[in-house]
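Heads up, the thing below is written out as structure tokens.
Treat the numbers as computed from the prediction; the structure is a model and nothing was measured. All chains are named by letter (A, B, ...) in the order of the sequence lines, taking the proteins before the strands, and each is independently numbered beginning at 1.
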Amino acid sequence: MTLAPSSRVQLTDDGKLRHFLTTEHLPRSLLEDILDTAASFVDVGGRSIKKVPLLRGKTVVNLFFESSTRTRSTFELAAQRLSADVLNLDIAKSATSKGETLLDTLRNLEAMAADMFVVRHQDSGAPFFIANEVTPNVAVINAGDGRHAHPTQAMLDMYTIRHYKGGFEGLKVAIVGDILHSRVARSQVHALNTLGAGEVRLIAPKTLLPVDAEALGATVFTDMAHGLKDVDVVIMLRLQKERMDSALLPSEGEFFRLYGLNNEKLQYAKEDAIVMHPGPINRGVEIASEVADGPRSVILNQVTFGIAVRMAVMSMAISGQDSAPAGGAHGS
Amino acid sequence: MAAKAHILIRKGRVIDPASGRDDVADLLIENGRLVRIGASLDAPGADIIEAEGHWVLPGLVDACVHLSLPGSGRTGDITSETRAAAAGGITHMAAQPDCGPVDSTAVVRLIREQAGQAGFARILPIAAMTQGLKGEQLAEMATLAKAGCIAVGNAGGKVADALVLKRCLEYAATFDMPVMFRPQDAALSAGGCAHEGPVATRLGLPGIPAVAESVDLSRDLLLVEATGVRAHFQQISSRDSLRLLRAAKKRGLPVTADVSIQHLLLDESALEGFNSHCHVIPPLRSSDDREALLEAVADGTIDAICSQHTPIGSSSKAAPFPATKPGMAGVDTLLSLVLGLVDEGKLDLARALDAVTAAPARCLGIQAGQLETGRPASLCVLDASAEKDYAEHWLSAGSNSPWRRSVLKGSVKLTVCQGKVSWLTD
């Protein structure tokens, strides 16, 4: 059996999750397993004692080479609800500025008997490097790498879609905005295709579309009227302000006029279409307040589901890692 | 190292692409000079090398290597890397000016001294075309040529200002020095680490579009035409560039070109799984580009195949893909990989061997890469059918190659460089 490199790294020999690095090339059953497991955790947040003992005695290290408050907090909360010990390291630039290489930093942490690394890094592929070549026996969860992947964000979006739409069969989903720089969009496209969505559309001006964007497994549109026509789900992406400085866009105003989601443009979508956004939102840049706060917006619920999805992924990866033979099945 | 040798190489299949020779013959080396090629030669007192069933080839000429001088950020040194080259049948290697950089006679002298002491291969330094490779002020090209540089170039450093470039070319033309170009537009390639295409899109790697090369190449070609300088274009990687080169050659411009072996064997798909050994500049491009490059070598649009040898320490490759240093170590495997292309039917034997011997010598304007009697002998004896396990026989200090642990066909038994034995196995 030949597996794509990404699945070889992520799965144990008997197909269990041991690292969660990308949604690409994972089997549909496994993605559904993540969603089902997350469903069982959604209730935990509503209890008076919000903890389950699945990760008791385990040490989770949040390794954030790129700063992020929101994503890190949800991972921290998820780990705590699983009863893990959590260590937060905002490495941002401190360790590397002291001359320590990523490799050295990781070897040190491994020596502290960490069981899981939650990694965010500015370079695409960093979690692969860690899982493959540095610490194969520590479960690695990708919390966002460069432009490559943000699989837990994508899975919480999948959870949200399944929650509101009941499933994925035949769904038309549009992802709008800065596709070029978006790790979220890439992970969403792979997850949606694997879960059986009918059509995934990417909508952006050509400066914000990667070349061969179709190769991701999507249909590409450059205008909202055609792209949003009859879609069931609209996912808006955050537009970073610095895009205006690098000749990718003339202004926020023109972007909003052409691609910003307001009630008028939302008319193109199906009547019961839901609107999503991975946050934090830029009101008046990619989305109008009337939509963000409107009846079709499910943006706040996404945050709630995020903790449950991260609990699911963390518990599954720890259990897969525990069942894998020591030394790693995929050393180079 | 042995003294100037008397060697009789017997009954090998002598293949010399420059003269078209391909027959079984003996070769006699006396006092380091190749004196005769013929049947049943007799030489009392000479060391006898039995080459029956083996091939006797001109020493390989590698048109592009990156040297490991202190401060270059590369691993190994001139001794380790020229020894690896000798084991790969290479006798001459043109060194990029990006160590030092090669903009003073002191650096040239240092390189020549170290190479001379090591004695494994002849290093032909390319001089920096601008001071410090900064692309602003002319380097002392004539002085550097006198010190032993065979050409000028600016390595990866761009001469952004067209007026400065034009003057560089005019000045080089004054002394009939060939100019080495590595076309890649700085703005179009800024921040990139992979071919802008479907694989980079999926992996989220910042791209370098093929047009970054052809835009720069077309500007270079127009200035070459305007100044009449001899030009050699290095590490061509895309189909569009080949169209420009074909047209230029057809118009009779004095231009030649090379490609690195990895671009003939690998494409962007090699980056799957973020394999940092395949992080090279120019980036590995599409399979369509790779096919076009192979055709261009076959039809002569691309003259030479080089190793683009860049030995990098493991710590500089042990990082997330975009943060790793680009480059591949290549002198160990150049000949075996080229012969692999012949086995696959992509190139015929004579053209493939020409592309690593006589053709690069022509591109560089040097006398090498052929079996010429009366001149210092530079040749190698190859067991073309023997398999070599690089897991055990790798010599470069840089382990940064996807073939670092491969078993490849072709094992060099003897290399003679400028009349001296530089490599000999049992």
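Here A:Phe129 and A:His121 keep their ring centres 6.0 angstrom or further from each other.
Side-chain contact check for A:Asn132 versus B:Phe274: every heavy-atom pair is 4.5 Å or farther apart.
Taking 4.5 Å as the heavy-atom cut-off, none of the residues of residues 175-182 of chain A approach chain B. Interface residues of residues 203-212 of chain A toward chain B, defined by a heavy-atom distance below 4.5 Å and sorted by number: A:Pro210, A:Val211, A:Asp212.
With sequence neighbours excluded, the residues that form a side-chain hydrogen bond (donor to acceptor under 3.5 Å, both in side chains) with B:Arg202 are A:Glu24, B:Glu272. Applying the side chain to side chain contact (heavy atoms under 4.5 Å, CB included) test to B:Ser260 and every residue at least two apart in sequence or in another chain returns B:Gln235, B:Gln262, B:His263, B:Cys306, B:Gln308.
Heavy-atom pairs under 4.5 Å with chain A peak, among B:Ala319, B:Ala323, B:Ala318, at B:Ala319. Of the listed residues B:Cys193, B:Gly207, B:Pro198, the one with more heavy-atom pairs under 4.5 angstrom with chain A than any other is B:Pro198.
One distance of note links CD of B:Glu213 with CG of B:Asp240; it measures 9.0 Å at 0.5 Å rounding. Once rounded to the nearest 0.5 Å, the distance linking CG of B:Leu293 with CD1 of B:Ile261 reads 11.0 Å.
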Item to check | Intermediate values then yes/no, side-chain hydrogen bond (donor to acceptor under 3.5 Å, both in side chains), B:Ser68 and B:Glu81 | outcome: CA-CA 8 Å; B:Ser68 309; B:Glu81 301 315 291; 5.1 Å; no

Item to check | Working for salt bridge (Lys or Arg N to Asp or Glu O under 4.0 Å), residues B:Glu291 and B:Lys346 | outcome: CA-CA 9 Å; B:Glu291 286 302 321; B:Lys346 303 284 188 189; 3.6 Å; yes

Checklist entry - Between B:Ser336 and B:Thr333, does a side-chain hydrogen bond (donor to acceptor under 3.5 Å, both in side chains) hold up when you go through it step by step? => result CA-CA 5 Å; B:Ser336 284; B:Thr333 47; over 6 Å; no

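Judged by the 6.0 Å and 45° rule, A:Arg120 forms no cation-pi pair with A:Phe64.
Proximity to chain B (any heavy atom under 4.5 Å) is restricted, for A:Arg186, to the side chain, taken from C-beta onward. Within the 4.5 angstrom heavy-atom criterion, no atom of B:Pro209 approaches chain A.
Between the side chains of A:Glu199 and A:Thr219, at least one donor N or O sits under 3.5 Å from an acceptor N or O.
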